[in-house]
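Just so we're on the same page: letters track the sequence lines, and every chain starts at 1. Excluded from the calculations below are hydrogen atoms, water molecules and symmetry mates; all remaining heavy atoms, backbone and side chain alike, are included. Remember, predicted model here, so these are calculated numbers, not experimental data.
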There are 2 protein chains.
Amino acid sequence: MPNPFVQKLGRYASLSDEDTRLLESACRDTRRTAARRDLIREGDPPGPVFVMLEGWACRYKLMREGGRQVLALLMPGDFCDMHVAVLDEMDHSIGTLTPALYTEIPRERMETLIASSPALTRAFWIAQLVDEGVLRAWIVSMGRRDSTERLAHLMCELYIRARNVGLCIDGHCEMPLTQIVIADALGLTPVHVNRVLRKLKVAGAMELGRGTLHIRDVESLARIAGFDDNYLHRRLKLAA
Amino acid sequence: MPNPFVQKLGRYASLSDEDTRLLESACRDTRRTAARRDLIREGDPPGPVFVMLEGWACRYKLMREGGRQVLALLMPGDFCDMHVAVLDEMDHSIGTLTPALYTEIPRERMETLIASSPALTRAFWIAQLVDEGVLRAWIVSMGRRDSTERLAHLMCELYIRARNVGLCIDGHCEMPLTQIVIADALGLTPVHVNRVLRKLKVAGAMELGRGTLHIRDVESLARIAGFDDNYLHRRLKLAA
DNA sequence: CGCGTTTTTGAAGCCCCTCAAGTGTAGTGG
DNA sequence: CCACTACACTTGAGGGGCTTCAAAAACGCG
């Protein structure tokens, strides 16, 4: 079974066999957790780098009044908090959405990896930059897109990212998100997310149910989303 | 006149005289521009690192239908796009809001700086992380705060940042933002921003006019904003 | 002074929320 | 195999926050 972490980084820089071996060896010590478990909480001192190998997680922040905002969705291959160690404490939490398999890479190990290979360094940097691009795209969505465009945009993003790590088989892919999580991510209510999903389904653009996303019409979905070809290294059209 | 770039980085790591000298020398070659000029545009190949020395600028992205979303506000001392060079092209633009004085540090020069001093490296990293924290906070604002909380939160953020580079004198500071720019940043309309500003003024929390922000009641403003003490390294209470 | 931009104010409407109730759908234990 | 439970999903009705449209007043810069 291919390591999605290696797969993802391999898209950003051409890795030597030695690089691949280093990465895989860094992922050897894995852990399993149930769904809805926090890997790290707001206020905790920053820990190691987390690498998702199976299952999904999210960064989130709880509001005082009880709501929550999801700041990023993490799928297999994603890692996070590479250099957060210089800060005193976490300003948000990370929790699993599904049962998950992940690795914790200690900070020193991470530094060794980076020091040992320019290609790995480059791959980590690019991954970091892409993540920042995703953050900015979320802000654009929240600020200037209505609920339908917003949901369509998120699904385009997740579809591409999932495909990049081999989680999709033509038109459909595993996407274990509840409408509640989607609402938390988009700044909407679950009730409204439900209605928008119905609308997109009736429009023949996409369908989401039972943990699976079915793209019915990529072109249409991308048009609704106002999806930017430049985003995520223009990968939407490939192998649709 | 103190260099705000040096001032800001000095808050993140203790810089030696040599570090300071290196930074100042990297800022020697300055440029002036008028307001509303783009430093770099979406689609351009990534350029050098920009360092703001005087005046304000913003990252922004234009929507197809004509609207725009401001992604970050840049004030003296801020720099950006440190390691964006690995990407093919910019996914957003950066433009001045006021007449500005800035430096372009070539990428090689930047690498030399980082290689020459661990303290500088650390300072750059922390600055980068704080910026990411700001991005995440914006998402939280857009997703889970109403217009009043959102505006109050932005003003708290900008007030602290401005104070950190010496732009504030007890209760008030220079803040050359039009209501239009604020609306573009918060995902609101200028009309509504105007009404919210009035509300905050009537409430005795703050006042914004003629390019100046007057904080009338920090406690009250922070309470309205739901401002997180953890945010920006808990600096709100200092020297209020 | 004159002109463009920003700010201000009002009225009407829509998008999304809130509240509420009912219908699946897994997972658990008897 | 069927209660029982806990969520997630679905659907409806009503309300509020913010937008849209419009126009006037104030500001700032040549």
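Note: CZ (Arg210(A)) to C1' (dG24(C)) measures 9 Å, nearest angstrom. Atom CD1 of Ile182(B) is separated from atom C1' of dT5(C) by 16 Å (rounded to the nearest Å). Note: CG (Asp146(B)) to P (dC17(C)) measures 13 Å, nearest angstrom. Going from atom NE2 of His192(B) over to atom P of dC14(C) covers 18 Å, rounded to whole Å. Between Leu151(A) atom CG and dC9(D) atom C1' the separation is 15 Å, expressed in whole Å. For the pair Leu188(A) CG and dT18(C) P, the interatomic distance rounds to 11 Å; values are reported in whole Å. Regarding Met142(B), its CE atom lies at a distance of 16 Å from the C1' atom of dC16(C), rounded to whole Å. Distance CG (Leu177(A)) to C1' (dC7(D)): 16 Å, rounded to an integer number of Å.
Distances shorter than 4.0 Å separate some side-chain N or O of Gln179(B) from OP1 or OP2 on dT8(C). OP1 or OP2 of dT19(D) has at least one side-chain nitrogen or oxygen of Thr189(B) nearer than 4.0 Å. Between Asn194(A) and dT10(D) there is a side-chain N or O to OP1 or OP2 distance below 4.0 Å. OP1 or OP2 of dC18(D) lies within a sub-4.0 Å distance of a side-chain N or O belonging to Ser147(B). Here Arg36(A) does not reach the OP1 or OP2 of dC7(D): none of its side-chain N or O atoms lies under 4.0 Å away.
With hydrogens and angles disregarded, no donor-acceptor distance shorter than 3.5 Å links the side chain of Arg150(A) to the backbone of Leu188(A).
Closest approach of Ala127(A) and Leu9(A) over heavy atoms only: CB-CD2, 4.3 Å.
Comparing Thr148(B) and Arg198(A) by the nucleotide of DNA chain D that holds the closest heavy atom to each, the one mapping nearer the 5' end is Arg198(A). Nearest-nucleotide positions on DNA chain C place Arg150(A) closer to the 5' end than the other of Arg150(A) and Val191(A).
Remark: aromatic rings of Phe227(B) and His153(B) are close, center separation under 6.0 Å.
With dC17(C), dT8(C), dT6(C) as the candidates, the nucleotide lying closest to the side chain of Ile180(B) is dT6(C). When distances run from any side-chain atom of Thr178(B) to the nucleotides dT20(D), dT7(C), dC16(C), the shortest one goes to dT7(C).
Within 4.0 Å (heavy atoms only), Gly187(B) reaches sugar-phosphate atoms of the nucleic acid but no base atom.
Summarising the local packing, CD of Glu174(A) is surrounded by 12 or fewer heavy atoms from other residues, nucleotides or ligands at distances under 6.0 Å.
You won't find any donor-acceptor pair under 3.5 Å spanning the side chain of Arg195(B) and the base of dG17(D), going by distance alone.
Exactly one residue among Ile182(B), Thr148(B), Val191(B) makes a side chain to side chain contact (heavy atoms under 4.5 Å, CB included) with Val196(B). That residue is Thr148(B).
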